[in-house]
Amino acid sequence: MSTADRPTQGPRHAAGQYPRVRLRRNRADGWNRRLVAETRLGVEDLIWPVFVTEGSGVREPIASLPGVDRLSVDLLVEAVGEAAALGIPAVALFPVTPAHLKTPDGREATNPDNIACRAIRALKTSVPQIGVFTDAALDPYTTHGHDGLLDEDRILNDETVEVLCRQAVAAADAGVDVVSPSDMMDGRIGAIRDALDGAGHEMVRICSYAAKYASGYYGPFRDAIGTKAALRGDKKTYQMDPANTEEAMRETSLDLAEGADMVMVKPGLPYLDIVRRVKETFGVPTFAYHVSGEYAMLKAAAGNGWIDNDRVLMETLGCFRRAGADGILTYAAVEAARLLRKG
Ligand code: PBG
């Protein structure tokens, strides 16, 4: 065919544009979608928060967290054993303290035989292959439900940090792998690092709740550990204002300078912009906490048949990965691990 006979002159389609370019081609088949997926969720990305309570053979459901129970140490060991068998790398332990052990100064926090320390010892003996995180904060132990010591209406910073150091050392003596200060006092990471090192625990890690916001999403958690009714006022003088991003960067950079090994952003889904900036700016292990209220919203909507539980759960956890989170604390960790296993 001579040039003159060609029906059109030049390329029929402009380069780099539709209809030459069709992004739907790479979405056309399951194999192709899998091949080009940019992020993946694996069981190794999950940290399972668990609640431990006194007694034995005790399993107490939490109404606002469907599917989550407070477990006595014996049942906790079993449950965590199953989580380990599913490949979940770590659990985050939260104690439920009986009312008669709560005091204004939260002194039970530093008792080497408190429920958290007993649970840590049992877990590290029976399920040594799983990592154990525990909070440094006083709220499970104070009558007023605050994370620190209270003077009238003021949360005392430096006095609280001193107690947190002793709490962290007690947990480390019991065998905890990671201390997670969730209290938002100033200067606590450096002080806890020094206290741990001074007690011979230089390999105990610190995961700081670096950017923790004063959030309404913690409601069901406070039901779970029994602090909601007790809580006087709110936590806005120490937890962050949801309006702020730059402050989250300052908090994170200070915690890293003070020796944090890993950092966390909390809550999760509504704060994925913070997760992204922290990960991009600092390039350190960054976790996000899919908190109790987020989990409760999913379960409530799914329970009503308004959304598909499994689909929305996996999408949600995948979004954390897309935002840059290296790990996700979620009450749905075991459920998600089972779904991942099914494929
Ligand atoms: C306590 C603590 C809280 C959570 C984790 N550690 C509650 C709070 O700060 O009041 C919330 C977790 C959740 O909502 O799932 N320092």
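Atoms considered below: every heavy atom in the structure, side chains included; atoms not considered: hydrogens, waters and symmetry mates. Read the numbers this way: they start at 1 and go in the same order the structure lists the ligands and their atoms.
Salt bridge annotation for Arg59-Glu78: absent, with no cationic side-chain nitrogen under 4.0 angstrom from a carboxylate oxygen. At a threshold of 4.0 Å, the pair Arg277-Asp273 does not count as salt-bridged, since none of the basic side-chain nitrogens sits closer than that to a carboxylate oxygen. Between Glu294 and Lys266 there is no salt bridge, since none of the side-chain N atoms of the basic residue sits less than 4.0 Å from a carboxylate O of the acidic one. Salt bridge status for Arg166 with Glu162: present, with a side-chain N to carboxylate O gap under 4.0 Å. Contact check on Lys124 versus Asp177 returns a salt bridge, with a Lys/Arg side-chain nitrogen under 4.0 Å from an Asp/Glu carboxylate oxygen.
Side-chain atoms of Asp223 and Ser64 include a donor-acceptor pair closer than 3.5 Å.
Taking 4.0 Å as the cut-off, Lys212 counts as a neighbour of ligand 1 on heavy-atom distance. At least one heavy atom of Gln239 sits closer than 4.0 Å to an atom of ligand 1.
Protein heavy atom in closest approach to atom 5 (C) of ligand 1: Lys266 NZ, 2.6 Å. Residue, atom and distance of the protein heavy atom nearest to atom 12 (C) of ligand 1 are Phe221 CD1, 3.4 Å. Looking at atom 14 (O) of ligand 1, its nearest protein heavy atom turns out to be Ser292 OG, 2.7 Å. The nearest protein atom to atom 1 (C) of ligand 1, hydrogens excluded, is given as Asp139 OD2, 2.9 Å; this is a heavy-atom distance.
Annotation for ligand 1: atoms under 4.0 Å from non-hydrogen atoms of Ser182 are 1 (C), 6 (N), 16 (N). Listed by number with element, the atoms of ligand 1 under 4.0 Å from a non-hydrogen atom of Ala137 are 16 (N). Remark: ligand 1 atoms within the under-4.0 Å shell around heavy atoms of Tyr289 are 12 (C), 15 (O). Counting the atoms of ligand 1 from 1 in the order shown, those under 4.0 Å from a heavy atom of Asp147 are 1 (C), 16 (N). Of all the atoms in ligand 1, the ones that sit under 4.0 Å from a non-hydrogen atom of Lys235 are 8 (C), 9 (O), 10 (O).
Residue contacts with ligand 1 for Asp135 involve side-chain atoms from C-beta outward but no N, CA, C or O (heavy atoms, distance under 4.0 Å). Of all the heavy atoms of Tyr331, the ones lying under 4.0 Å from any atom of ligand 1 belong exclusively to the side chain.
Within a 6.0 Å sphere centred on CZ of Arg154, heavy atoms belonging to other residues, nucleotides or ligands number 12 at most.
Evaluation of the salt bridge (Lys or Arg N to Asp or Glu O under 4.0 Å) rule for Arg321 yields Asp45 as partners, not counting sequence neighbours. For the side chain to side chain contact (heavy atoms under 4.5 Å, CB included) test, residues two or more places apart in sequence or in another chain that qualify with Ser126 are Val77.
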